[in-house]
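Working notes for the structure below.
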Amino acid sequence: DTAVSQTPKYLVTQMGNDKSIKCEQNLGHDTMYWYKQDSKKFLKIMFSYNNKELIINETVPNRFSPKSPDKAHLNLHINSLELGDSAVYFCASSQVGTSVGLDTDTQYFGPGTRLTVL
Amino acid sequence: AQTVTQSQPEMSVQEAETVTLSCTYDTSENNYYLFWYKQPPSRQMILVIRQEAYKQQNATENRFSVNFQKAAKSFSLKISDSQLGDTAMYFCAFMKLSNDYKLSFGAGTTVTVRA
């Protein structure tokens with residue numbers, strides 16, 4: 001029973017195509033995130049949704065559009081793919097809380113999606 | 001903006017020995033969490049340990065422990081009795097307790113455990 005799952009795990013596509021990556025979590029968390037890991041392994045936040053509302057939108061091109069149909073899902077759609085979009089994309093989730101808890105605010109990651117744009 | 005610095009790109013350790021990874025961060029915040037994540041060759045990001053800034057006691061998880069020095073803004077990870085399965089890239093991460101809760105990561109340290 002996977003906590004945070006992503007599909008697909010690998011995605012190879014041509015420049016100019018449109019593609020989507022799906023993420024689902026069964027932890028009951030209220031906040032989900034997308035991170036990008038580049039070829040040098042550097043990880044950077046892209047987006048965050050809390051209860052289906054966008055709360056973080058870092059300086060990401062408009063070609064990237066997240067969608068959260070419900071608290072358990074956060075999808076990432078990418079239009080007009082470019083060579084520089086090649087990376088590993090990680091989905092994560094957490095339960096954001098104002099009260100102290102053992103697990104509150106800890107982010108759990110999916111297995112990642114390796115996107116290769118040719 | 002918070003910056004997280006991991007000054008050791010690579011470290012090597014003999015099996016059963018101890019290795020310490022360094023991490024420093026820059027922030028003006030008082031309430032925050034710090035994390036160490038492990039990324040083995042499988043690429044999965046695995047939580048190793050977390051530290052709340054308001055706690056003076058250093059966090060420990062089995063063979064993993066941290067040395068948290070709040071005034072010095074330092075957060076090192078000690079791996080004791082290193083095992084081959086500890087071979088991975090280790091990332092230090094900072095999270096301020098605010099309305100975004102994003103993780104800011106360091107560049108990572110690759111740890112290789114030798115048999």
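This structure is a prediction, so every number in the text was calculated from the model and none was measured.
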### Query
Which value, rounded to the nearest 0.5 Å, describes the distance between Y108(A) atom OH and Y37(B) atom OH?
7.5 Å
#### Entry: Hydrophobic cluster identity match, L27(A) and Y101(B), side-chain contacts under 4.5 Å
yes
### Message
Keeping Q107(A) on the side-chain end and K102(B) on the backbone end, is there a donor-acceptor pair under 3.5 Å?
### Response
no
### Query
Contact part of L43(A) toward chain B, heavy-atom cut-off under 4.5 Å: side chain, backbone, both or neither?
both
### Query
What residue, out of K44(A), K40(A), K9(A), has the most heavy-atom pairs lying under 4.5 Å from chain B?
K9(A)
### Query
Same cluster for V88(A) and L118(A) if Ile/Leu/Val/Met/Phe/Trp/Tyr side chains link at under 4.5 Å?
no
### Query
Got Q37(A) and F105(B) here, is their nearest side-chain heavy-atom distance under 4.5 Å?
no
### Greater than 12 external heavy atoms within 6.0 Å of N62(A)'s CG
no
### Task
Evaluate whether atom NZ of K78(B) has more than 12 neighbouring non-hydrogen atoms of other residues, nucleotides or ligands under 6.0 angstrom away.
no
### Any donor-acceptor N/O pair, Y35(A) side chain to L103(B) backbone, under 3.5 Å
yes
### Query
Between F109(A) and Q44(B), which heavy-atom pair has the shortest distance, and what is it?
O-NE2, 3.0 Å
### Task
Enter the distance from T104(A):OG1 to Y33(B):OH here, rounded to the nearest 0.5 Å.
6.5 Å
### Query
Same hydrophobic cluster for L54(A) and I45(A), using side-chain heavy-atom links shorter than 4.5 Å among ILVMFWY?
no
### Residue pair F90(A) / R43(B): nearest heavy atoms and the distance that separates them
CZ-O, 3.2 Å
### Query
Roughly how far apart are T106(A) OG1 and F35(B) CZ, rounded to 0.5 Å?
4.5 Å
